[in-house]
Amino acid sequence: MPDREPAGWPWLRERLTRLRPAPRAGAEPTPSLGGARTAVVTDSAAALPADWVRAFTVDGRLTVVPMPVMVGAEIYGEGEDDITETIAVAIASGRSVKTSRPSPGQFEHAYLAAKQRGFESVLSVHISGELSGTADAARLAAGRVPIPVEVLDSRTVGMAQGMGVQSAVVAAADGRNAAYVRAFAEERLALTKVYFYVPSLEQLRHGGRIGAAASLLGTMLSIKPILAVENGKIVPLEKVRSAAKAVARLEEIVTADVVARPVGHARIAIHHFGNQAEAERLAARLAIALPDCPAAQTSALPAVLAAHAGLGVLAVIVGESSTPPA
């Protein structure tokens with residue numbers, strides 16, 4: 001199943017086009033002084049679709065700071081290097097795969113670039129502080145630059161974080177002030193849920209990311225855990241005895257979540273790593289079970305998250321529209 005855009009994206013493209021002045025020949029694009037003056041910065045753990053990022057970084061309104069991934073002694077930059085296959089091979093062969101936060105200097109550069117393009121403030125939205133020190137690096141950088149920067153810990157990860165980022169971009173493109181942009185992003189983030197299945201907890205254990213899920217380790221060889229992200233941490237939801245039952249139960253959990261929301265409000269994203277076909281089959285079944293929900297956006301897990309989740313992960317994010325009310 002090809003990636004699909006949530007309903008708000010065509011509207012956002014149109015809105016950005018209207019806000020963006022026609023560039024002079026040879027001139028750098030700048031934001032309209034009569035439009036949104038808040039830029040949005042995030043990190044690559046937000047798992048934003050590449051085409052979406054390309055569409056909305058042209059005028060500096062959105063900047064994605066790459067998170068480094070270390071395979072053995074080599075350091076790769078998310079989005080800068082094609083490292084998915086490298087990570088998969090490393091995990092399968094037992095080689096060391098680690099991740100790190102971006103440096104404060106990278107965020108400082110992004111914030112200064114926003115100021116140079118004419119923006120008056122920045123909202124910086126990042127992976128949960130329980131899983132990474134990225135927000136701390138952003139806060140350090142925020143204190144060094146001559147532009148107001150609000151750092152928002154998303155308390156989540158993947159496209160759940162990404163949905164909050166998209167909401168901020170939409171609100172900024174609609175000309176809302178900095179306070180509204182942050183409040184709307186926080187509201188949308190609070191509505192997102194992350195559910196995922198991993199064939200093994202080994203990678204999460206190695207990376208120290210399992211938190212309360214550590215209680216599952218004693219039986220990790222005989223169960224298939226379904227996990228969630230709650231209050232910024234990875235927590236166990238259920239223990240299932242087979243991979244097939246785990247995926248089926250994941251589908252049931254997601255379906256129940258969507259059905260419990262107002263009709264037409266929910267949107268879904270699915271992440272995978274090394275099992276695209278399985279993710280597409282899950283998306284197809286959810287489309288049948290949830291006819292009032294837009295088709296799920298299906299994409300590979302970013303390398304910085306795949307390094308911890310491991311091969312075979314299936315993650316489903318349930319959120320709501322990124323378009324603010326009129």
Any [X] side-chain heavy atom under 4.5 Å of [Y] side chain:
{"X": "Ser299", "Y": "His271", "result": "yes"}
{"X": "Pro148", "Y": "Val122", "result": "no"}
{"X": "Val304", "Y": "Asp43", "result": "no"}
{"X": "Leu282", "Y": "His272", "result": "no"}
{"X": "Asp174", "Y": "Pro324", "result": "yes"}
{"X": "Val157", "Y": "Ser128", "result": "no"}
{"X": "Met159", "Y": "Arg267", "result": "yes"}
{"X": "Gln166", "Y": "Leu48", "result": "yes"}

Of the non-hydrogen atoms in [X] and [Y], which two are nearest, and what is the gap between them?
{"X": "Pro68", "Y": "Pro102", "answer": "CD-N, 4.1 Å"}
{"X": "Val313", "Y": "Pro199", "answer": "N-CD, 4.1 Å"}
{"X": "Tyr111", "Y": "Ser124", "answer": "OH-OG, 2.7 Å"}
{"X": "Gly60", "Y": "Thr63", "answer": "O-OG1, 4.3 Å"}
{"X": "Ser44", "Y": "Met67", "answer": "OG-N, 3.0 Å"}
{"X": "Leu250", "Y": "Leu314", "answer": "CD2-O, 3.8 Å"}

Which residue pairs pass the ring-ring contact (aromatic ring centres under 6.0 Å, His included) test when at least one of the two sits in residues 131-165, sequence neighbours left out?
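Listed once each, the pairs would be none.
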Point to revise | Within residues 123-151 or reaching into it, pairs that qualify as ring-ring contact (aromatic ring centres under 6.0 Å, His included) - sequence neighbours excluded | key: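 Found Phe107-His126.
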Give a yes or no answer on whether the side chain of [X] reaches the backbone of [Y] with a donor-acceptor pair at less than 3.5 Å.
{"X": "Asn275", "Y": "Phe273", "result": "yes"}
{"X": "Arg37", "Y": "Gly118", "result": "no"}
{"X": "Asn177", "Y": "Ala179", "result": "yes"}

Can you tell me how far [atom2] of [Y] sits from [atom1] of [X], rounded to the nearest 0.5 angstrom?
{"X": "Gln161", "Y": "Thr42", "atom1": "CD", "atom2": "OG1", "result": "4.5 Å"}
{"X": "Thr156", "Y": "Lys233", "atom1": "OG1", "atom2": "NZ", "result": "14.5 Å"}
{"X": "Lys239", "Y": "Leu227", "atom1": "NZ", "atom2": "CG", "result": "11.5 Å"}
{"X": "Thr192", "Y": "Arg155", "atom1": "OG1", "atom2": "CZ", "result": "12.0 Å"}
{"X": "Ile226", "Y": "Tyr197", "atom1": "CD1", "atom2": "OH", "result": "9.0 Å"}
{"X": "Ile270", "Y": "Gln276", "atom1": "CD1", "atom2": "CD", "result": "11.5 Å"}

TODO: Sequence neighbours left out, what passes side-chain hydrogen bond (donor to acceptor under 3.5 Å, both in side chains) with Ser121? Give chain and number order.
DONE: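 Once residues adjacent in sequence are excluded, the partners of Ser121 under the side-chain hydrogen bond (donor to acceptor under 3.5 Å, both in side chains) criterion are Thr38.
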- Can Ile268 and Leu290 be said to form a side-chain contact (heavy atoms from CB on, under 4.5 Å), step by step? CA-CA 10 Å; Ile268 296 173; Leu290 301 166; 3.8 Å; yes
Listed partners of [X] passing salt bridge (Lys or Arg N to Asp or Glu O under 4.0 Å), at least two apart:
{"X": "Arg144", "answer": "Glu108"}
{"X": "Glu278", "answer": "none"}
{"X": "Arg285", "answer": "Glu251"}

Output yes when Arg54 and Asp51 qualify as a salt bridge under the 4.0 Å nitrogen-oxygen rule, no when they do not.
->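 Not counted as a salt bridge, because no side-chain N and carboxylate O are separated by less than 4.0 Å.
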Is there a path of hydrophobic side-chain contacts, each under 4.5 Å between heavy atoms of I/L/V/M/F/W/Y residues, joining Leu140 to Leu123?
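No, separate clusters.
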Linked, directly or transitively: Leu191 and Val318 (ILVMFWY side chains, under 4.5 Å):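 No: no chain of side-chain contacts under 4.5 Å links Leu191 to Val318.
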Can you find a side-chain donor-acceptor pair between Asn231 and Glu130 that sits under 3.5 Å?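 No, no side-chain donor-acceptor pair sits under 3.5 Å.
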TODO: Using the side-chain contact (heavy atoms from CB on, under 4.5 Å) rule, pick out the option among Ile253, Val259, Asp257 that qualifies with Thr255.
DONE: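 Only one option passes, and that is Val259.
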Check the pair Arg261, Asp292 against side-chain contact (heavy atoms from CB on, under 4.5 Å), reporting the backbone distance first and the verdict last. CA-CA 11 Å; Arg261 298 172 187 248; Asp292 293 321; over 6 Å; no
Between Tyr180 and Phe184, how do the two ring planes meet: parallel, tilted or perpendicular, split at 30° and 60°?
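Tyr180 and Phe184: parallel rings.
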